[in-house]
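On a predicted model such as this, the values are computed, not experimentally measured, just so you know.
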Amino acid sequence: MEESVLKLLETGSDQDFIRLLKEFASKYEQQFTPVGLSQQCTERLWNVIMGRLSDPAASVTHQTCLSVIRILSRDKQSLNNVIDSDRLAVIVRLAGLVPEEEALQRLNQQINYDVVTEAQKCLSNLLYNSSAIQRMCCINSCIPGLMCRLKTFKDPDLPHLVKYFDMRLLFLLTAFCGDIRPRLRSEYHGLTYLIEILDLSLKTAQEESEVQSVNGYLPNPIIFNDEQAELVNEVLKVLYNLVLHIDKNSPDEEEDSHCLRLISILRYLLLASTRCPEKTDSLHSNTVNLLLVMPPKMYEELLCDMPQASESPMPPPAPTVVTTQPTAGATALMEAACFTEVDSDLSKQNERSCEYDGKDMTAIIKLLDFLDSRLKSPENQILTWATFKPGQSSSKSLMPILTLMVEMTQANRTIRKFIRLRILPPLRDVSKRPEEGHTIRNKLCSLMTSPLHDLKHLSANFLFILCKESVDRLIKYTGYGNAAGLLASRGLMLGGSKPTIDYSSDSEDSDTEEYERVKDMINPVTGRYEPPRPSPLDGMTDEQKEHEAMKLVNVLDKLTRNNIIQPCRIGDDGKPHPVESVMELQEGLGVLPTGDHNNDSDDHNNDSD
């Protein structure tokens, strides 16, 4: 900025001042990096702008001044030199964040909400870019002012942008300043006011959507408009920060009451949608995040009793199957059993049935749909070793919903049984590997060999819980090759151990007829049916067999010496242990599970899990 421009700003008229600042703002509006002014120039510009903002008589210039401060506040390096508590207090007051006594005195005054919104935007940048400003906002009128204005959110004259940026400021404060979270919960009753905002948003959207609720059961979803969705998303983020450090295993009486009320609201948010798919995804994502910090015992509140019109609960979904006529020959008969024609309309109807065990499972179906959408998202297509690049991570969006699924299935028996019916239905077609296909089971099986360590073990643990922590059942649904990582980490490569959850006793076997026909011909490593094939050793002499065996030993030895592979054997603890010589592997033969599931009970219709 030229010296002549700075002098004109310092000594010129209001018209010159506004014109020059508007030119500056127009030039750098879309530049989100520092504008490159010298330190002296930056300080002089801040001085002249703050002088105008501190002068009530210059109110006509306030909005333009704040728009320039919003741009200057993107420069993290200069903020500590140009902002002190007095200057920050001026911006806070222009944002309307004053104590309750002063707010009452302003009730009859005309408020310029354009100036308020610009000041809020400036505060957002300042809070995000400076830890010193974060500390100052914890002790000035910022927090009392925000909590005071929260009480006025029912006022229809309060603009949406003011509400939105209030929530954004609260989110930044609760994210960066952990010390204020207990104050907001206890001293300012923040949870109460924030939950009331969600209640109000739901009520308004429900009235606009003309949806009537009957005994807590919604026949149609609530549809938020864009402004409502934006506000609800910001409120959910703030609530997450406030609830995060509550002891969810033993909350006190007040916290328990808040969480109970909140989780009922979260159920309605899972059923809600917006007119924009991206905003709907964001709404459900923030809802999932908040559900994660709820006490596990309250997941029962996601399930509601079905309306009185349905006296008897519907049976669990069981698709009707019409088997094709088998072809000639034993092998052809088994292959034909793997491919069945399913009544697609009835099957689809059963899959979408929202009733199970007399409960409305719509919220759980929505969570399963959200999991499926996350598994389909483009950023989650780098989950194999073939496409993985170091430093690239796609686990961020999948981790919350997978973690929630694990916690819900561990905490609630009805939810666990219902989710198992949807993800691990009785096996019929075993002609493909478990990781091949488009079902949630297929995608979770593919994650079990992901290069992302946390995601790999989380997806495996989820499937293991759905299998009631039965090693045989896990291998049946995923294949030993996919399950090996989990089994090795838990010391289960030699078989099962006592489950970490107290599951009920197994019920009778419910394997399908198609699965029973080919069960003995399923490869336990790949988890798929493989027709009989001639042995490659047929026709070889003993000398030739010994020669081929030694060739294999030599190849393994070479790979081991070059540190390409590390041969292991299974120890008594059920975990793999390195061996010094390939010949030692002979002592560990016979430890691979045989895939015999004759005693495996997996009754999906009458399981007493």
Sequence neighbours left out, what passes side-chain contact (heavy atoms from CB on, under 4.5 Å) with [X]? Give chain and number order.
X	answer
Thr526	Arg433, Asn523, Arg528, Glu530
Asp372	Lys376, Ile440, Lys443
Asn461	Val406, Ile465, Arg490
Asn562	Lys558, Ile564

Using the side chain to side chain donor-acceptor pair (under 3.5 Å) criterion, which residues pair with [X]? Sequence neighbours excluded.
X	result
His457	His453
Arg275	none
Asn554	none
Asp226	none

Working to the nearest 0.5 angstrom, can you tell me the gap between [X] [atom1] and [Y] [atom2]?
X	Y	atom1	atom2	result
Leu463	Ile423	CG	CD1	7.0 Å
Leu368	Met361	CG	CE	9.0 Å
Tyr356	Thr414	OH	OG1	7.0 Å
Gln228	Glu230	CD	CD	10.5 Å
Ser459	Phe464	OG	CZ	13.5 Å
Leu375	Ser446	CG	OG	7.5 Å

message = Does Arg441 form a salt bridge (charged side-chain N to carboxylate O under 4.0 Å, His left out) with Glu435? I'd like the steps, not just the answer.
response = CA-CA 8 Å; Arg441 175 178 78 101; Glu435 65 272 20; over 6 Å; no
query = Picking from Leu236, Leu266, Val232, what satisfies side-chain contact (heavy atoms from CB on, under 4.5 Å) with Asn286?
reply = Leu236
Option from Leu239, Val235, Val238 for which side-chain contact (heavy atoms from CB on, under 4.5 Å) with Phe171 holds = Val238
ask   = Between Glu301 and Arg267, does a side-chain contact (heavy atoms from CB on, under 4.5 Å) hold up when you go through it step by step?
value = CA-CA 8 Å; Glu301 299 301 318; Arg267 177 183 178 274; over 6 Å; no
Any side-chain heavy atom of [X] within less than 4.5 Å of one from [Y]?
X	Y	answer
Leu474	Leu487	yes
Ile475	Val525	no
Leu271	Ile222	no
Lys575	Ile570	no
Ile419	Met405	yes
Tyr477	Pro434	no

query = After noting the C-alpha distance and the side-chain angles of Leu269 and Leu202, does the key distance pass the side-chain contact (heavy atoms from CB on, under 4.5 Å) rule?
reply = CA-CA 8 Å; Leu269 293 180; Leu202 278 169; 3.8 Å; yes
ask   = Is there any ring pair (Phe, Tyr, Trp, His ring centres under 6.0 Å) pair reaching into residues 533-561, and which pairs are they, with sequence neighbours excluded?
value = none
Residues forming a salt bridge (Lys or Arg N to Asp or Glu O under 4.0 Å) with Glu234, sequence neighbours excluded =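 Glu234 satisfies salt bridge (Lys or Arg N to Asp or Glu O under 4.0 Å) with Arg168, Lys237 only.
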key: Contacts of Arg533 that satisfy salt bridge (Lys or Arg N to Asp or Glu O under 4.0 Å) - sequence neighbours left out   = none
Minimum heavy-atom separation for [X] and [Y], please, with both atom names.
X	Y	result
Ala229	Phe224	N-CB, 4.0 Å
Tyr515	Ile522	CE1-CD1, 3.2 Å
Gln544	Thr541	OE1-N, 2.9 Å
Thr439	Asn442	OG1-OD1, 2.7 Å
Cys354	Thr362	CB-OG1, 3.4 Å
Lys456	Ser450	CD-O, 3.6 Å

Side chains of [Y] and [X]: any donor to acceptor distance under 3.5 Å?
X	Y	result
Thr560	Asp557	no
Asp573	His577	yes
Asp429	Ser431	yes

inquiry  = Can you tell me if Asp247 has over 12 outside heavy atoms packed within less than 6.0 Å of its CG?
reply    = yes
ask   = Ignoring hydrogens and geometry, is there a side-chain-to-backbone donor-acceptor pair from Asn412 to Met408 under 3.5 Å?
value =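 No, Asn412 side chain to Met408 backbone: no donor-acceptor pair under 3.5 Å.
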ask   = Between the main-chain N or O of Ser397 and the side-chain N or O of Arg374, is there a donor-acceptor pair closer than 3.5 Å?
value =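 A pair under 3.5 Å: yes.
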Ion pair check, Glu355 and Lys359, cut-off under 4.0 Å =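 A salt bridge is absent here (no side-chain N lies under 4.0 Å from a carboxylate O).
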request  = Output yes when Lys248 and Glu407 qualify as a salt bridge under the 4.0 Å nitrogen-oxygen rule, no when they do not.
outcome  =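 Yes.
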Scan the side chains in residues 287-299 for donor-acceptor partners under 3.5 Å anywhere in the protein, sequence neighbours excluded, and list what turns up.
unit_1	atom_1	unit_2	atom_2	d
Thr287	OG1	Leu283	O	2.7
Asn289	ND2	Ser285	O	3.4
Lys297	NZ	Asp256	OD1	3.2
Tyr299	OH	Leu291	O	2.8

ask   = Think Lys432 forms a cation-pi with Tyr529, using NZ or CZ under 6.0 Å from the six-ring centre and within 45 degrees of its axis?
value =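 Ring-cation test returns no.
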ask   = Are Thr280 and Thr274 close enough, and set up right, to give a side chain to side chain donor-acceptor pair (under 3.5 Å), and what steps lead you there?
value = CA-CA 5 Å; Thr280 299; Thr274 72; 2.7 Å; yes
message = Determine whether Asp360 and Leu303 satisfy the following criterion, side-chain contact (heavy atoms from CB on, under 4.5 Å), listing intermediate values before the conclusion.
response = CA-CA 6 Å; Asp360 174 17; Leu303 317 179; over 6 Å; no
request  = Could you tell me how the ring of Phe370 sits relative to the ring of His284: parallel (under 30°), tilted (30 to 60°) or perpendicular (over 60°)?
outcome  =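 It falls in the perpendicular class, over 60°.
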request  = Report the C-alpha separation of Leu447 and Leu458 in whole Å, then their side-chain angles, then the decisive distance to 0.1 Å, and conclude whether the side-chain contact (heavy atoms from CB on, under 4.5 Å) test is met.
outcome  = CA-CA 9 Å; Leu447 290 181; Leu458 189 59; over 6 Å; no
